[in-house]
Amino acid sequence: MSWAGPEDIHLSTSLANYLDKKLLVLLRDGRKLMGLLRSFDQFANAVLEGACERVIVGDLYCDIQLGLYVIRGENVVLIGELDLEREELPPHMTRVSEAEIRRAQKAEREATDLKGTMRKRMEFLDLD
């Protein structure tokens with residue numbers, strides 16, 4: 001069994017500064033979560049209250065409500081405090097429903113897949 005070393009204590013104390021503040025958490029799979037940090041442990045596992053996932057596709061976005069959410073520390077890439085006095089998104093962004101953002105995600109994924117397929121078909125040309 002190993003005990004927390006000094007480097008773990010620094011991580012814990014730095015997260016302590018974010019307790020009860022609204023945070024943006026970027027996960028390894030690319031998801032962006034927002035919510036109030038209510039608790040954490042030495043492994044950077046965190047509990048967000050009033051959490052939502054912000055999904056952005058082009059100029060469209062949707063905040064999908066998650067409620068109380070537990071995040072495994074090993075999945076966290078970045079944690080940052082949100083400035084409550086600033087506008088969160090540029091004015092050109094349009095809020096849409098969850099169903100609309102899912103359709104936009106699917107269309108974007110299909111376009112990316114098609115682009116990859118076309119690129120593979122064109123490799124034989126060797127345009128270099």
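The first residue in the sequence is number 1, and the count goes up from there. Here the structure is a predicted model, which is why all the values come from computation and not from measurement.
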E100: partners by side chain to side chain donor-acceptor pair (under 3.5 Å), with sequence neighbours left out:
S97
Can you confirm whether R38 sits close enough to D20 that some side-chain heavy atom of one is under 4.5 Å from a side-chain heavy atom of the other?
yes
So, taking the atom named CG in L37 and the one named OH in Y18, what distance separates them when rounded to the nearest 0.5 Å?
10.0 Å
Can you give each donor-acceptor pair under 3.5 Å made by side-chain atoms of residues 56-67, sequence neighbours left out, with the distance rounded to 0.1 Å?
{"from": "D63", "atom 1": "OD1", "to": "R54", "atom 2": "NE", "distance (Å)": "2.7"}
{"from": "D63", "atom 1": "OD1", "to": "R54", "atom 2": "NH2", "distance (Å)": "3.3"}
{"from": "D63", "atom 1": "OD2", "to": "R54", "atom 2": "NH2", "distance (Å)": "2.9"}

Testing the basics here: between F40 and A16, what is the closest heavy-atom pair and its distance to 0.1 Å?
CZ-N, 3.5 Å
Cluster link L36 to L33, ILVMFWY, side chain under 4.5 Å:
no
Please report, to 0.1 Å, the donor-acceptor pairs under 3.5 Å made by any side chain of residues 74-82, with sequence neighbours excluded.
{"from": "E74", "atom 1": "OE2", "to": "R72", "atom 2": "NE", "distance (Å)": "3.2"}
{"from": "N75", "atom 1": "OD1", "to": "R28", "atom 2": "NH2", "distance (Å)": "3.2"}

In a table with atom names and distances, give each donor-acceptor pair under 3.5 Å that connects a side chain of residues 102-114 to protein atoms at least two apart or in another chain.
{"from": "R102", "atom 1": "NH1", "to": "Q105", "atom 2": "OE1", "distance (Å)": "2.9"}
{"from": "T112", "atom 1": "OG1", "to": "E108", "atom 2": "O", "distance (Å)": "2.9"}

Between I71 and N45, is any pair of side-chain heavy atoms under 4.5 Å apart?
no
With clusters defined by side-chain heavy atoms of hydrophobic residues (ILVMFWY) lying less than 4.5 Å apart, directly or transitively, does L27 cluster with L15?
yes
Distance check, rounded to the nearest 0.5 Å: Y69 atom OH versus E53 atom CD?
7.0 Å
How many angstroms lie between atom CG of L24 and atom CG of L26, to the nearest 0.5 angstrom?
7.0 Å
